[in-house]
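First comes the structure, then the notes that go with it.
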2 protein chains.
Amino acid sequence: MNGVSNAIGGRVTIRDVAAAAGVSVTTVSDALNDKGKLRAETRARIQRIARELGYRPSRVAQAFRQGRTGTIALVLPNVGGPADELEMISLDFYMSVAAGAARAAFREGYAVTLTPRISTAEEWHLIGPDGVVLCDPLSADSRIDMLEEMGIPVVSIERDPARPGSPYYASGDNAQNIRDLLDHMHQAGARRIALLSAEATWAWVLDGEHAYRAWCAERGLPPLVVPVSLDRLEADSYRATCALLDGDEPPDGIIASAEQYSEGSTRACRERGIRIPDDLLLAVGMDSRFAQQCDPPITAIDLRPADQATAAVDLLLKRLSGEQVDGPAIVPSKLHIRGSTQRGPAPFSDTATDDGHSRRRDPADAWPMTPP
Amino acid sequence: MNGVSNAIGGRVTIRDVAAAAGVSVTTVSDALNDKGKLRAETRARIQRIARELGYRPSRVAQAFRQGRTGTIALVLPNVGGPADELEMISLDFYMSVAAGAARAAFREGYAVTLTPRISTAEEWHLIGPDGVVLCDPLSADSRIDMLEEMGIPVVSIERDPARPGSPYYASGDNAQNIRDLLDHMHQAGARRIALLSAEATWAWVLDGEHAYRAWCAERGLPPLVVPVSLDRLEADSYRATCALLDGDEPPDGIIASAEQYSEGSTRACRERGIRIPDDLLLAVGMDSRFAQQCDPPITAIDLRPADQATAAVDLLLKRLSGEQVDGPAIVPSKLHIRGSTQRGPAPFSDTATDDGHSRRRDPADAWPMTPP
DNA sequence: CTGAAAGCGCTTACAG
DNA sequence: CTGAAAGCGCTTACAG
């Protein structure tokens, strides 16, 4: 006999249900898990009794029995490191990813574990997830190799550039997004569009640069790619923008690839009295509250981070269940055209964002005009 | 015999260790868990053998046996809801909280589960955490009652105003923070300081307002509390600031209680050509990248969110282990004095942030001057 | 100081 | 169509 039971709070077990129904635990288990061996009538009766008794299967017992943990680990870049070094390329993006992943996983009976910055297999064993959703893999990301070798499947948000052909990622259509944005800015009159690109091997950076160069070549326009460090996002994009603006042939359009780059660019323009959009069109490759709330609001690509997270979780769960994986999942993005790329009167520029995603504002707030 | 084993990958179990050491599993368990019944020599030998064999205890088996899950749920306001409605009072704050919690929990062998927006006990049962860290409880927050009734202990970040005397929270010293900030602004010359306060029952709002009024009364200064809705953070703080600035007696200082309020205030000032800090001192009650990177950078209270999260997790784990809880945990905050409240030459205003928490910039970036 | 055994709640191969 | 039994890996009360 075991004096200490974990039936704390008088948990109703499968055994209790079996006794109440006058059947065996096997039958209860089958009835509850829709194994097709029972008469529909028996099944219904057992399910009713289980409900009446307030039976809830123990998730940990199930997980234990099945040799899994029911857990998906979410790895965000730079989260969980020393708190004082929390520096992400876009808080908005990752927060939405986290929310979307938590939601999608919960629907399927999984929990999302927030992974602190860990590196060793040892530490990963302590976390012990069934699978991992990894944001922004580096090129040939070693974490993916390590985890897969441990038997822990990984699905990434954004692809690993050094894994061509891998179906295990969700992503936006980075090349098309940049093309759409360039087309829009070109149409709005820009002829020298610079790209503030991140010094990183992330796929969205490489894809964006590649698409940008191709687009410029097609139109015979000069490619102006300015690599910006990841170390000091705002400061370096500020500096890069200053260099552009103070150069011999300043651009008439700037695409800042990341949220914080747009902040640096905005600052540089403001300092010089360069008006947006009158003197320069500004757009950003990743939507954010900053872009939405800036004055004027900045045209941005909404990558639908929550949708990407949902798609990544779905792919991962398919891998876990051994199903055919129909990846990669290319999630449609949405270009929000805002004041920063629209010259002349355009009272309600943000109407493209009638999807509820934009900030709820009334028109009076949607179009803050420049100071008198 | 069970054809399907969960010893996938040939897991080394406690049984294997026992066999290799020539002892019983009981002895192995005791040796590994430092139960004081073994000879030190035996213990060391078993631990060595376990290491050599690459034994790792199964966390889910342990959890199962002990009737727990090894999981702490983190509840952030408004995360996990419909992705399109992700609107938090401060992304920076909660992202740091999440990172800090994940880290602190991991150290103690717990995992942090990101909780989607759920409401019913039914849903909580599916998550099944051992305990919950709840951010920003409302007054008499019903989630706390529900969870505690379910036997799931809760520790909050910020206190529940309607639970006086509860030791189960971590928080900054909200009243003292506001006083410090007011003292600083007063010293910098402000005599009519307005407070943009949130329309909410959160403790930090109530404490801040109360401290503000007391401080004003002590100095015979007029209290200017402007309640701002939580619904449309930026837009409403913009409007509130406009009303203040356009009124008969405009303030000479503004404290925006939340990150996004500072964004609205900044916009309102910019539109009117009101210069910060020359015409108006501006400060914000919660530090953020926006505050750090604004032009000029905005004086802000750094609430040390990761430290608060760590403190909350520690309190929760003490509750779980039945230890005496020495809560509440009042975590020291830090006032970062920046350009928005410093008139005249102050080349390196942000030196108070020499703790590595501020953005790594060199001096040239630290003090962006207004445009020529 | 150490071991044999029970049992946490569940699922599954197998026998009827 | 249903049941008896084994067993996932671990911890613990109890007996020696």
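A, B, ... follow the sequence lines: proteins, then strands. Residue 1 opens every chain. Any value given below was found using the heavy atoms of this structure, including those in side chains, with hydrogens, waters and symmetry copies removed.
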More than 12 heavy atoms of other groups within 6.0 Å of E52(A) CD: yes
Sugar-phosphate only, base, or nothing, as touched by V23(B) at under 4.0 Å among non-hydrogen atoms: sugar-phosphate
Selection from dT12(C), dT2(C), dT12(D) that lies nearest to any side-chain heavy atom of T27(B): dT2(C)
Under 3.5 Å donor-acceptor, T113(A) side chain and T71(A) backbone: no
Nucleotide dG9(D), atom P - distance to CG of N33(B) in whole Å: 17 Å
Proximity to the side chain of D30(B) - top-ranked nucleotide from dT2(D), dT12(D), dG9(D): dT12(D)
Check: T42(A) side chain, dT2(D) base, donor-acceptor under 3.5 Å: no
Basic-acidic side-chain contact under 4.0 Å: D145(B), R163(B): yes
Side-chain donor/acceptor contact of S29(A) with base of dT12(C) under 3.5 Å: no
Interatomic distance, D16(B) CG vs dC8(D) P [rounded to whole Å]: 11 Å
Any side-chain donor near an acceptor of the partner, T27(A) and S24(A), under 3.5 Å: yes
Length of the CG-P vector between D34(A) and dT12(C), whole Å: 13 Å
Sugar-phosphate, base or nothing in reach of R56(A), heavy atoms under 4.0 Å: sugar-phosphate
Spacing of R59(B) atom CZ relative to dC8(C) atom P, expressed in whole Å: 22 Å
Face-to-face stacking of F64(A) with dC10(C), centres under 5.5 angstrom, angle under 30°: no
Complementary nucleotide of dA4(D), counting Watson-Crick and G-U pairs under 3.5 Å: none
Phosphate OP1/OP2 of dG9(C): any S58(A) side-chain N/O under 4.0 Å: no
Q66(B) CD - dG9(C) C1' separation (whole Å): 15 Å
Pairing nucleotide - dA13(C), Watson-Crick or G-U, each distance under 3.5 Å: none
Rounded distance [0.5 Å steps], OG in S58(A) versus CD1 in I14(A): 10.5 Å
Distance, rounded to the nearest Å, where R11(B) contributes CZ and dG7(D) contributes P: 18 Å
Nearest to side-chain heavy atoms of V25(B), which nucleotide of dA5(C), dA5(D), dC1(D): dA5(C)
Nearest-nucleotide pick for Y55(B), side chain only, options being dG9(D), dC10(D), dT2(D): dC10(D)
Q324(A) CD: over 12 foreign heavy atoms closer than 6.0 Å: no
Contact under 4.0 Å: R39(B) side-chain N or O vs dT2(C) OP1/OP2: yes
Position toward the 5' end of DNA chain C (nearest nucleotide), A61(B) or A40(B): A40(B)
Gap between atoms CD1 and P, on I46(B) and dC10(D) respectively (whole Å): 14 Å
Among dC8(D), dC10(D), dC10(C), the nucleotide that comes nearest once only the side chain of Q62(B) is considered: dC10(D)
Residue whose nearest DNA chain D nucleotide is more 5′ - R15(A) or T26(A): T26(A)
Separation of dA5(C) C1' from I14(B) CD1 (nearest whole Å): 14 Å
